[in-house]
Structure formats: structure tokens, C-alpha cells
Q: 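Below is the structure I would like to discuss, written out as C-alpha cells.
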Amino acid sequence: MLPPRPIRRPRHRRSARLLKQASLKYAQAHIEDFDARASRGLERARWMALALSDWATSGATIILSGATGCGKTWLACALGQYACRQGHSTRYLRLPRLGEELGLVRATGTYTRWLGKLAKTQVLILDDWGLVALDALCREALMEIIDDRAGNRATLITSQLPVDHWHAWIDEPAVADAMLDRLLPQAQRIVLKGESLRAARTKKTPSSANQS
């Protein structure tokens, strides 16, 4: 008698593949594990309403801002991880390393293809927005990325720089006007508060202190 065939789980395999391709900083972040302490300025009900909405398919822009260590990156990765579970292609990109990635794709002649792949990616996480200055090449690439995605693909931005300072950070008035006009009018903004969660890690076990 032949042994029973193993149960195939194509959706699970697809989610695992998408999660690997996403290269999330916190791949094990789950929306269900959200730390709902009141001092963070984000209630669990609002968080879950956002996470379970159609943000990933409606071309939404979500801005997570607040001081360093308050959980912005973890929350963005949790949303990205959930998007992968739902079958949406996702990519995590730290803006301080944008210059390195641009150097690589330009050197290999794949810059246009790289932009095309980002444009087609359903969820793009731009982490640490405003952390380092933009040079001309990074500013041009970022404008292309934002323009390709505006209203068509979901974009998550984390930043410790207040939105009011973004125009000066972009440091090119015409480009700043164009970029922010595509990002801000319909964006959902979440401002996190409270003490650094990284500092709290010293009082917790490594498995219980994920959100940073």
C-alpha cells in the first residue's frame, strides 16, 4: 500500500517565497504581536483596522513617524509580513543604503530593470527616510520610485524626521514639491510616542523584545 501523498500548500509556499524576496529587517514581525501600550499613541483597534484594510491593494501611502526606537521599522515590517501572507509582492529598502544599491545597479547596467521591478512591487517599505542627506543620484532615483508608485502601489515610509522637514531634506525645491505632492495628500500618518523600546530590551528576554 502506497503512503498517502503529502498535503500541498501552494499558498504557504508562495507566502514563504514572497517573504524571502521581501528581505524584511524583521521577518518574524506579525501584526498580531503589536505592543498596544497606551503611551505609544496608537491604539490596538486602530492598528488592526489599518492592517486588515485594503491598504496593500489600493495604492495607499502609510507614514510611520516618531523618535528613534519607538517601533516604526517593526510596525512597517509587520505590515509587510502580513502583505506577503496575503500574496502581495513586498520589498524592504533602507534609504541610507540607497546609494550603495544604485551604484551596483548602475555598474551592472540594470538600473532601468531595477526601477521597473520596484514599480511592479505591490508593497514597498522605505525605512529611515530622512536619516541621511540625499545626493543628486539618490534624489533622482527616489523621485522615479515615488512617481511610479503614486496611487498605484502601496508605499510604507518610516521616518524620525517630522513631515514638515521633508521638503528641506530633499533639498531641491522643484523635486521636493513634486515628490511630496505625490506622497502626502492621501497619506495615512501615524505618529508614535513613548520611550525607546530598544532601551526596554535590557529588561526583557531577546524573544520578547522585537519591536524597534
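In what follows, every heavy atom counts, from backbone to side chain, and hydrogens, waters and symmetry copies are set aside.
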Q: Does Arg182 pair with Asp147 as a salt bridge, N-O distance under 4.0 Å?
A: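 Counted as a salt bridge, because a side-chain N and a carboxylate O are separated by less than 4.0 Å.
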Q: Report the C-alpha distance between His30 and Gln81 in whole Å, list the side-chain angles of each, state the deciding distance to 0.1 Å, and finish with yes or no for side chain to side chain contact (heavy atoms under 4.5 Å, CB included).
A: CA-CA 7 Å; His30 288 71; Gln81 198 269 0; 3.3 Å; yes
Q: Between Leu102 and Trp114, does the side chain to side chain contact (heavy atoms under 4.5 Å, CB included) criterion hold? Intermediate values first, please.
A: CA-CA 9 Å; Leu102 284 175; Trp114 177 78; 3.6 Å; yes
Q: Rounded to the nearest 0.5 Å, what's the gap from CE on Met179 to CG on Leu184? Could you check?
A: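 Going from CE on Met179 over to CG on Leu184, the span is 11.0 Å.
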Q: Please find the pair of heavy atoms, one from Ile157 and one from Trp166, that lie closest to each other, and give the distance.
A: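 Reported closest heavy-atom pair: CG2-CH2, 3.9 Å.
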Q: Considering all heavy atoms of both residues, which atom of Thr108 and which atom of Val105 are nearest to each other, and what is their separation?
A: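 What the structure gives for the nearest pair is OG1-O, 3.3 Å.
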Q: Could you measure the distance from the CZ atom of Arg85 to the CG atom of Leu19? Nearest 0.5 Å is fine.
A: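 Taking CZ in Arg85 and CG in Leu19, the distance rounds to 9.5 Å.
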Q: Determine the sole option in Val123, Ile125, Leu156 for which the side-chain contact (heavy atoms from CB on, under 4.5 Å) test with Tyr92 is passed.
A: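 So the option named by the test is Ile125.
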Q: Let me have the donor-acceptor pairs involving side chains of residues 129-140, under 3.5 Å, with sequence neighbours excluded, atom names and distances please.
A:
{"unit_1": "Asp135", "atom_1": "OD1", "unit_2": "Leu137", "atom_2": "N", "d": "3.2"}
{"unit_1": "Asp135", "atom_1": "OD1", "unit_2": "Cys138", "atom_2": "N", "d": "2.7"}
{"unit_1": "Arg139", "atom_1": "NH1", "unit_2": "Ile170", "atom_2": "O", "d": "3.0"}

Q: If you measure from OG on Ser65 to CD1 on Ile190, what distance do you get to the nearest 0.5 Å?
A: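 Going from OG on Ser65 over to CD1 on Ile190, the span is 9.0 Å.
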Q: Between Ala141 and Leu115, which heavy-atom pair has the shortest distance, and what is it?
A: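 Residues Ala141 and Leu115, closest heavy atoms: O-CD2, 4.4 Å.
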Q: With the 4.5 Å side-chain cut-off for hydrophobic clustering, are Leu183 and Val175 part of the same group?
A: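 Both belong to a single hydrophobic cluster.
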Q: Atom CD of residue position Gln21 - does it have more than 12 heavy atoms of other residues, nucleotides or ligands inside 6.0 Å?
A: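 For Gln21, atom CD is crowded (more than 12 foreign heavy atoms under 6.0 Å).
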Q: How about Arg149 and Thr155: does a side-chain donor come under 3.5 Å of a side-chain acceptor?
A: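 The criterion, which ignores hydrogens and geometry beyond distance, is satisfied for Thr155 and Arg149.
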Q: Tell me, with the steps shown, if Leu95 and Asp127 meet side chain to side chain contact (heavy atoms under 4.5 Å, CB included).
A: CA-CA 6 Å; Leu95 283 191; Asp127 193 20; over 6 Å; no
Q: Suppose the criterion is side-chain hydrogen bond (donor to acceptor under 3.5 Å, both in side chains): which pairs have a residue in residues 169-179, not counting sequence neighbours?
A: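 Residue pairs passing side-chain hydrogen bond (donor to acceptor under 3.5 Å, both in side chains), neighbours aside: His167-Asp177.
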Q: Just list the side-chain donor-acceptor pairs under 3.5 Å for residues 41-49, sequence neighbours left out, or say none.
A:
{"unit_1": "Arg44", "atom_1": "NH1", "unit_2": "Phe34", "atom_2": "O", "d": "3.3"}
{"unit_1": "Arg44", "atom_1": "NH2", "unit_2": "Glu32", "atom_2": "O", "d": "3.0"}
{"unit_1": "Arg46", "atom_1": "NH2", "unit_2": "Arg189", "atom_2": "O", "d": "3.1"}
{"unit_1": "Trp47", "atom_1": "NE1", "unit_2": "Ile31", "atom_2": "O", "d": "3.1"}

Q: Can you see which heavy atom on Trp55 is nearest to which on Ala154, and at what distance?
A: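 Heavy-atom minimum between the residues: O-CB, 3.4 Å.
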Q: To the nearest 0.5 Å, how far apart are CG in Leu79 and OG1 in Thr90?
A: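 Leu79 CG to Thr90 OG1: 10.0 Å, rounded to 0.5 Å.
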Q: Drop me the distance from Leu24's CG to Cys84's SG, to the nearest 0.5 angstrom.
A: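 If I round to the nearest 0.5 Å, the distance is 5.5 Å.
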Q: Identify the residue among Lys72, Arg94, Gln160 that makes a side chain to side chain donor-acceptor pair (under 3.5 Å) with Asp128.
A: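 The passing option is Arg94.
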Q: Stepwise, does the side chain to side chain contact (heavy atoms under 4.5 Å, CB included) test hold for Arg153 with Leu124?
A: CA-CA 8 Å; Arg153 295 284 188 265; Leu124 178 63; over 6 Å; no
Q: Identify whether Tyr111 and Leu104 are in the same connected component of the hydrophobic contact network (ILVMFWY, side-chain heavy atoms under 4.5 Å).
A: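 Shared cluster, no.
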Q: Does a salt bridge link Arg106 with Glu100, judged by any charged N lying under 4.0 Å from a carboxylate O?
A: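 Here Arg106 does not pair with Glu100 in a salt bridge, since their nearest N and O are not under 4.0 Å apart.
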Q: Would you say CZ of Arg17 has more than 12 non-hydrogen atoms from neighbouring residues, nucleotides or ligands within 6.0 angstrom?
A: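 More than 12 heavy atoms, drawn from other residues, nucleotides or ligands, come within 6.0 Å of this atom.
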Q: Can you tell me how far apart CD (Gln122) and CD (Gln86) are? Round to the nearest 0.5 Å.
A: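 Gln122 atom CD to Gln86 atom CD measures 11.5 Å (nearest 0.5 Å).
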